[in-house]
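Below is one structure, written out as structure tokens; comments come after it.
Everything quoted here is computed from the prediction, not taken from an experiment. We use all heavy atoms of the structure for the numbers below, so side chains are in, but hydrogens, waters and symmetry mates are not. Numbered from 1 within each chain, the chains take letters A, B, ... in sequence-line order.
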Amino acid sequence: MKVLLPDGSDLSVHDGATAADVAERIGPRLAKAAVAAKVGNRVVDLSTPLAEGDQVAIITASTGEGLDVIRHSAAHVLAEAATRLYPGTKVAIGPAIKDGFYYDFEFPEPVGEDDLSRLSAEVQSLLGAALPFERREVTREEALALFADEPYKLELIRDLPAGATISVYQQGGFVDLCRGPHVPDTSRIGAVGLLSVAGAYWRGDSRNTMLTRIYGTAFPTKKELNEHLQRLEMAKQRDHRRLGRELDLFSFHDEGPGFPFFHPKGMRVINALLEYWRKEHLAAGYEEIRTPLILERTLWERSGHWDNYKDNMYFTVIDGVDFAVKPMNCPGGTLVYKAGQHSYRDFPLRMAELGQVHRHELSGVLHGLFRVRCFTQDDAHIFCLPEQVEDEVLGVIDLILRMYKTFGFDRVHVELSTRPSKSIGSDEMWATAESALAAALARAGLPYELNPGDGAFYGPKIDFHIEDVMGRSWQCATCQLDFAMPERLDLDYVGEDNQRHRPVMLHRVVLGSIERFLGILLEHYGGALPAWLAPVQAVVVPVADRHATYAAEVEAALGRAGVRVEVDLRSESVSKKIRDGEVTKVPYMLVVGDREVEQRSVSLRRRGGRKTTSYGLAEAAAYLADECRPPAVAPAVGSGA
RNA sequence: GCCGGUGUAGCUCAAUGGUAGAGCAGCUGAUUUGUAAUCAGCAGGUUGGGGGUUCAAGUCCCUCCACCGGCUCCA
């Protein structure tokens, strides 16, 4: 019979040949590297018998699909090791995930990090044993009998749709309910490393049993595994919590869990960031407002937050009246809107607010600046006519992409979420709103993923995810249409027809949370912020005490030019001062000694650089002022504010 | 919130149930240095808080707090 290969050619093989036979026919090297095969669109075991005309592709461990297969197989081996070492262990699920795999267990005794080395040794010995993975298809009754002692597996089997093929895989003495595919035998998994132990609810539901999850990863070779472990170590070095302490940017204290404290240097970064933010927003036609942190409870009842969000809110009583600390800025923003009358001629009205919000997050989810209980949203509310929505959304998209580009976030993943089953507003409203968002995305030429039914109950939204240098994805910007708030808080404007109408409200953030965005930037740049954001942009290093006067002159000249500059007057060696400057990621260092004093120059060194350049003092000030200049903003829009 | 782990000097870490230490940072002094750590001295602690066991607790037990890794990528 003949099968088709990915390059379009066909290959004659004997009847009943398997995918493994095909790999063997193509070449012994491929046969050795093969871990699974793809027949048509299905990823299957190498032992799968083929049929005439099948499209066959061999999957090796070095591809994404191949990695998934070896990791999934590694998860089974981990489960076997766990059940051998801890008799009575119940197994739950063990999928391959991005960068590795996990397996969830219910152990008869507590298992912690200390047990990883024992488990790892057991896994190694199972890998060495080259145990074959054998697939078997069973009936539902057989499956139920086979896993009679495994309550989690029984639950999974019961949830399988009627008529589904139920397959089990066995390697060594371990049988697991599994769709597959798997590698031919355990020796083909390559190198396995166990990473951590964590708690995880069965099926992710906090009402269910807490299981013990063991995370691990697998790679085709030991070398690749080690490289991955090294990357993890590098990521740890880039941890923003560590950088925040080392660079003296912010701190956390027992007295305020989840509430970050920003130090002078941290505020320099934030202020530089906000200065840029304000210029972009001014150019894009926004006005800035500020609303109070604490507002009466009745407002939150009217806005709907009381019903939908009160578990996450903080409350207080003033003069016997109930107040709430704002978890969102919109109700306050609408009060500003209502402070005056509005004509359709005023629209679009773009009101931005760097609003500090407080949200009571569960103690266990707090994580540095990434998940806090108090943060600053770079919020804005745009009030406009229905027919202006598309243009406004397009403007927001432009602003978002433009600002992301400034930080090197060129890869942006966009999602459009549409009407959920539980929602308010008329069908026409939703249809108009969704098509306006889609049309804006089309006009922006942005590819996007559709999330049907994932919108907010009051309107559809567009979410923007950015990818940092380490390939991690962060949701920052969001742009949502809101029909609820204008209605609930009774907003209106006078139209061309001299009648009162409801404005459309657009709610958006670009950076999301300033605190979280700072954390992302720190990890993205590994602490080496671009000069315009650096808390200290230049350090003047006098070679000896006799150069201190000239150093002060250099400092003054740079300071006048707008550079954040310091002088290192300590009685330390030049090498030491340079080292400290490097460790604290200062972009520029200027060494001044006898030569420079005489020539009225500086010896300029860039962060991380080996070379130095000599500049005249005035020249250096002009050069550094230019290097430290905030990014250029878009030309101002004509209309709007 | 829940599971597992960790809390010792500002930071990174030592210390069989038996006198709490080191390096870095800090301070003082010496040194005056030419591009990633000059030397010496000094100071620094109710071992996260509270309770208990013990002749004796950083160490063992209980409890509270904080932090770290996680908590549907579904056989």
Side-chain angles (χ1 to χ4, degrees), chain A residues 68 71-72 75-76 79 91-104 106-107 110-116 143 147 150 152-160 164-169 175-180 195-215 236 239 241-242 245-246 248 251-258 311 360-368 541-548 570-584 589-596 603-612:
Chain A
D68 279 353
R71 286 167 182 168
H72 187 192
H76 280 229
V91 297
I93 56 166
I97 53 172
K98 186 175 183 292
D99 293 332
F101 64 87
Y102 67 79
Y103 211 111
D104 285 348
E106 186 182 335
F107 286 112
V111 167
E113 306 263 342
D114 294 344
D115 298 274
L116 285 183
F147 295 104
E150 292 286 357
Y152 302 104
K153 295 295 176 191
L154 289 179
E155 193 177 323
L156 293 170
I157 294 165
R158 292 203 183 97
D159 286 353
L160 288 173
T165 306
I166 300 179
S167 57
V168 298
Y169 277 79
V175 187
D176 202 354
L177 178 71
C178 184
R179 182 165 43 200
L195 300 174
S196 60
V197 179
Y201 297 107
W202 168 238
R203 298 195 149 180
D205 190 327
S206 59
R207 287 166 303 191
N208 289 340
T209 324
M210 176 62 75
L211 303 172
T212 304
R213 174 170 298 180
I214 297 178
Y215 282 93
K236 222 167 124 187
D239 189 311
R241 293 167 295 188
R242 178 197 182 99
R245 187 174 55 232
E246 288 173 355
D248 195 18
S251 57
F252 285 92
H253 303 272
D254 283 2
E255 292 83 349
D311 289 348
H360 180 81
E361 302 287 352
L362 293 178
S363 61
V365 305
L366 301 177
H367 181 99
V541 176
V543 172
D545 288 352
R546 63 179 178 280
H547 309 122
R570 293 173 304 163
S571 173
E572 295 284 357
S573 65
V574 172
S575 288
K576 170 68 169 168
K577 294 178 187 178
I578 295 286
R579 178 188 151 77
D580 287 348
E582 286 289 343
V583 167
T584 51
M589 276 176 277
L590 300 86
V591 176
V592 294
D594 291 338
R595 202 160 51 231
E596 287 74 19
S603 168
L604 182 84
R605 176 200 163 102
R606 287 161 192 281
R607 178 171 59 199
R610 295 258 144 62
K611 280 189 290 184
T612 61

For this session: Under 4.0 Å between any heavy atoms, over every strand shown, what does A:Leu195 touch: base, sugar-phosphate, or nothing? Just pick one.
Result: nothing
Exercise. CG of A:Leu366 versus C1' of B:rG70: gap in Å, rounded?
Worked result: 14 Å
Exercise. Any sub-3.5 Å donor-acceptor pair from A:Lys577's side-chain atoms to A:Pro542's backbone N or O?
Worked result: yes
For this session: Answer with base, sugar-phosphate or nothing: what part of the nucleic acid does A:Val541 contact at a heavy-atom distance below 4.0 Å?
Result: nothing
Exercise. What is the nucleic acid contact for A:Gly112, judged by heavy atoms within less than 4.0 Å: base, sugar-phosphate only, or nothing?
Worked result: sugar-phosphate
Exercise. Which of these nucleotides, B:rG1, B:rA66, B:rU35, is closest to any side-chain atom of A:Thr612?
Worked result: B:rU35
Exercise. Which part of the nucleic acid, if any, lies within contact of A:Ser196, taking any heavy atom under 4.0 Å across all strands shown: a base, the sugar-phosphate backbone alone, or nothing?
Worked result: sugar-phosphate
For this session: Sticking with atom P, work out how far B:rC13 lies from B:rG69, rounded to a whole angstrom.
Result: 14 Å
Exercise. Starting at CG of A:Leu362 and ending at P of B:rC67, how long is that distance when rounded to a whole Å?
Worked result: 13 Å
Exercise. If you measure from the C1' atom in B:rG7 to the same atom in B:rU47, how many Å do you get, rounded?
Worked result: 9 Å
Exercise. When we call it a touch if two heavy atoms are under 4.0 Å apart, what does A:Ala544 touch: a base, just sugar-phosphate, or nothing?
Worked result: base
Problem set entry | A:Asp159 CG to B:rC74 C1', straight-line distance once rounded to whole Å | 10 Å
For this session: Quick one: label A:Asp545 by what it contacts on the DNA or RNA (base, sugar-phosphate, nothing), any heavy atom closer than 4.0 Å.
Result: base
For this session: Classify the nucleic acid contact of A:Glu596 as base, sugar-phosphate or nothing, counting any heavy atom under 4.0 Å across all strands shown.
Result: base
Exercise. Rounding to the closest angstrom, what is the interatomic distance between B:rC27 and B:rA9 at atom C1'?
Worked result: 15 Å
Problem set entry | Step-by-step salt bridge (Lys or Arg N to Asp or Glu O under 4.0 Å) determination, A:Glu582 to A:Arg605 | CA-CA 10 Å; A:Glu582 286 289 343; A:Arg605 176 200 163 102; 3.1 Å; yes
For this session: Validate the cation-pi geometry between A:Arg71 and A:Phe101: distance from NZ or CZ to the six-membered ring centre under 6.0 Å, angle to the ring axis within 45°.
Result: no
Problem set entry | Whole-Å distance separating the CZ atom of A:Arg71 from the P atom of B:rA75 | 18 Å
For this session: Could you tell me whether A:His367 contacts a base, only the sugar-phosphate backbone, or nothing, with contacts defined as non-hydrogen atoms closer than 4.0 Å?
Result: sugar-phosphate
Problem set entry | Side chain A:His547, main chain A:Asp594, donor-acceptor under 3.5 Å | yes
Exercise. When you check the gap from the basic side-chain N to the acidic O, do A:Arg203 and A:Asp205 get nearer than 4.0 Å?
Worked result: no
Exercise. How is A:Tyr215 classified with respect to the nucleic acid when contacts are heavy atoms under 4.0 Å: base, sugar-phosphate, or nothing?
Worked result: sugar-phosphate
Problem set entry | Candidates B:rA66, B:rU33, B:rA75 - which lies nearest the side chain of A:Arg546 | B:rU33
Problem set entry | Distance between C1' atoms of B:rG17 and B:rA22 (Å, rounded) | 23 Å
Problem set entry | Pairwise C1' distance, B:rA40 and B:rC65 [rounded to whole Å] | 42 Å
For this session: Could you tell me whether A:Arg213 contacts a base, only the sugar-phosphate backbone, or nothing, with contacts defined as non-hydrogen atoms closer than 4.0 Å?
Result: sugar-phosphate
Seminar exercise, completed: When rounded to whole Å, the CG to P distance for the pair A:Leu116 and B:rU6 reads 13 Å
Exercise. Looking across every strand, which nucleic acid part, if any, lies under 4.0 Å from A:Thr165 by heavy atom: base, sugar-phosphate, or nothing?
Worked result: base
Exercise. With respect to the phosphate group of B:rC67, does any side-chain polar atom (N or O) of A:Arg241 fall under 4.0 Å of OP1 or OP2?
Worked result: no
Seminar exercise, completed: Checking B:rA36, B:rC67, B:rA75 against the side chain of A:Leu156 (C-beta onward), the nearest is B:rA75
Exercise. Is there a donor N/O on one and an acceptor N/O on the other, under 3.5 Å, for the side chain of A:Tyr201 and the base of B:rG70?
Worked result: no
Exercise. When you measure from the side chain of A:Val583, which nucleotide among B:rG70, B:rG1, B:rA36 comes out closest?
Worked result: B:rA36
Seminar exercise, completed: Between CG of A:Asp594 and P of B:rU33 the distance, given in whole Å, is 8 Å
Exercise. Given B:rA75, B:rC67, B:rC73, which nucleotide is nearest the side-chain atoms of A:Lys153?
Worked result: B:rA75
Problem set entry | Separation of B:rA75 C1' from A:Phe147 CZ (nearest whole Å) | 8 Å
Exercise. Expressed in whole Å, how much space separates the C1' atoms belonging to B:rG41 and B:rG4?
Worked result: 46 Å
Exercise. How is A:Arg242 classified with respect to the nucleic acid when contacts are heavy atoms under 4.0 Å: base, sugar-phosphate, or nothing?
Worked result: nothing
Exercise. Separation of A:Arg595 atom CZ from B:rU33 atom C1', in whole Å?
Worked result: 14 Å
Exercise. Between B:rU12 and A:Arg245, is there an OP1 or OP2 to side-chain N/O distance shorter than 4.0 Å?
Worked result: yes
For this session: Quote, to the nearest angstrom, the P distance that separates B:rC39 from B:rA25.
Result: 10 Å
For this session: Considering just the side-chain nitrogens and oxygens of A:Arg203, establish if one lies under 4.0 Å of OP1 or OP2 belonging to B:rC71.
Result: no
Problem set entry | Sub-4.0 Å heavy-atom contacts from residues 571-581 of chain A onto RNA chain B, ordered by number | A:Ser571, A:Glu572, A:Ser573, A:Val574, A:Ser575, A:Lys576, A:Ile578, A:Arg579
